[in-house]
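Right, one structure below, let's go through it.
Just so you know, ligand 1 is whichever comes first in the structure, and atom 1 is the first atom listed for that ligand.
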Amino acid sequence: MLKLTKRPRRLRNMSALRDLVRETRIHTDDFVYPLFVVPGRDIKEEISAMPGVYHLSIDRLKPEIAELCQLGIKAVILFGLPEYKDDRGSSAHEENGIVQQAIKEVKRLAPGMCVITDICLCQYTDHGHCGIIRQGKIENDETVEVLAQVALSHVMAGADMVAPSDMMDGRVKGIRGKLDAAGYYDIPIMAYSAKFASGFYGPFREAAHSAPQFGDRKSYQMDGANGMEALREMELDLEEGADILMVKPALAYLDILKAAKDHFNVPMAAYNVSGEYSMVKAAAQAGWINEKQVVLEILTGIKRAGADIIITYFAKDAASWLKQTGV
Ligand code: PBG
């Protein structure tokens, strides 16, 4: 026999004991579920690269919201596909735009649901970029004005929190100022602060019809190699008035999430993005991985790294698995 005084395996002997010493627990309260809303009637179309995720028309939100409530999911983030696009993303801030209608409908169906909205122009511009373009360049400050208008229109429709994802400089300040001036000083901002120019958004851009028509997003989204810059971005967003900071994507950026969690004393969110979802779905469909085990492992990893909030297309699956587990 080895003379070992420390035997870590002692604490792994039985399931109930493992549960006692488990350090990280994911809970359905942690999840935000993304919804893609489209104009028209009676539409529920699966997004081909994202099995199990749908384009929904407003009239088809009812069963979806009922399912979320039944599963205990209390927060959604809304994305809209507008009726028309132009070079200024005007359809993003219409009083009766697609997201504005969806906000009202979700709040009508489930008043206690936390309705978060994504604030960006890329779904609404004909060129597919997140800002207004002049001579091939994004006009930062002019874009911020439009984004603030979009945020105000969402809040006026009843949104509980806004989440700017455009990566313009000063957008949190612009949005905070606009909301405060209109009396909405109580509405929080969840800033996509460390948002990287990532290949993992591919399936989302198909889902949201928001792929840039020329070039890429590297002049505004961050270089994935830069951790210090991510902390600077987050610091700036906090100074400008952000209430929650986000890192996006999640999996290739867990070190940044961890650093931010250690560095700042505000809630952290992580966006487990479309490509991260599609990869798992594809491998699971091919029979190469056990989907449930992998999904719960990924979500636990994101939480262990420091996320208080996880935005994930797996929210419904995970919520139903978490309901089932027991001794
Ligand atoms: C809008 C936006 C994007 C995502 C969330 N908001 C796409 C992008 O920046 O290109 C990606 C979400 C996902 O991939 O699941 N700017």
Side-chain angles (χ1 to χ4, degrees), residues 31-37 47-55 76-82 85 89 91-92 98-99 116-125 127-133 138 140 143-144 146-147 150-151 154 159 161-168 171-172 175 189-224 233 244 246-253 269-282 295 298-299 302 307 309-316:
F31 302 148
V32 177
Y33 187 63
L35 288 173
F36 294 97
V37 194
I47 295 158
S48 65
M50 302 174 73
V53 180
Y54 296 86
H55 282 146
V76 291
I77 184 161
L78 300 180
F79 296 95
L81 281 76
K85 303 184 187 225
S91 53
I98 185 70
V99 169
I116 307 166
T117 58
D118 183 89
I119 307 293
C120 197
L121 298 185
C122 59
Q123 287 115 272
Y124 305 90
T125 50
H127 45 69
H129 278 285
C130 304
I132 289 164
I133 295 184
I138 306 268
N140 188 93
T143 301
V144 168
V146 181
L147 292 166
V150 175
H154 288 179
M161 178 152 77
V162 291
S165 70
D166 52 283
M167 289 303 280
M168 295 302 126
R171 76 272 171 74
V172 172
I175 291 171
I189 298 175
M190 174 164 73
Y192 287 71
S193 303
K195 176 170 176 179
F196 294 91
S198 169
F200 288 102
Y201 308 147
F204 174 95
R205 291 184 189 167
E206 180 212 309
H209 301 169
S210 66
Q213 298 306 301
F214 61 91
D216 53 38
R217 301 209 202 290
K218 289 185 181 160
S219 82
Y220 40 106
Q221 298 181 351
M222 287 182 49
D223 180 347
E233 276 282 6
I244 299 174
M246 194 197 300
V247 174
K248 174 186 173 200
L251 295 182
Y253 301 92
Y271 200 138
N272 176 213
V273 300
S274 57
E276 297 171 332
Y277 174 83
S278 302
M279 288 194 304
V280 172
K281 280 285 173 189
V295 170
I298 283 175
L299 297 176
I302 293 172
I309 299 166
I310 305 174
I311 304 169
T312 179
Y313 304 97
F314 288 118
K316 289 199 289 185

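Counted within 6.0 Å of CZ on F200, heavy atoms from surrounding residues, nucleotides or ligands total 12 or fewer; the atom is thus considered open.
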Sub-3.5 Å pairs, protein N or O with ligand 1 N or O:
from     : atom 1 : to   : atom 2 : distance (Å)
ligand 1 : 6 (N)  : D118 : OD1    : 3.2
ligand 1 : 6 (N)  : K248 : NZ     : 3.4
ligand 1 : 9 (O)  : K195 : NZ     : 2.6
ligand 1 : 9 (O)  : Q221 : NE2    : 2.9
ligand 1 : 10 (O) : R205 : NE     : 2.7
ligand 1 : 10 (O) : R205 : NH2    : 2.7
ligand 1 : 10 (O) : R217 : NE     : 3.0
ligand 1 : 10 (O) : R217 : NH2    : 3.4
ligand 1 : 14 (O) : S274 : N      : 3.3
ligand 1 : 14 (O) : S274 : OG     : 2.7
ligand 1 : 15 (O) : S274 : N      : 2.7
ligand 1 : 15 (O) : Y313 : OH     : 2.6
ligand 1 : 16 (N) : S165 : OG     : 3.3
ligand 1 : 16 (N) : K195 : NZ     : 3.0

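Residues Q123 and L81 are not in side-chain contact: their nearest non-hydrogen atoms beyond the backbone lie 4.5 Å or more apart. A 4.5 Å side-chain heavy-atom check between Y313 and E276 finds every atom pair outside the cut-off.
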Problem - Residue pair S48, E206: steps toward the side chain to side chain donor-acceptor pair (under 3.5 Å) verdict - result: CA-CA 9 Å; S48 65; E206 180 212 309; 3.1 Å; yes
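For K248 and Y201, the positive end sits near the middle of the six-membered ring, less than 6.0 Å away and at most 45° from its axis.
Shortest non-hydrogen contact noted between K218 and A197 is CG-CB, 4.0 Å.
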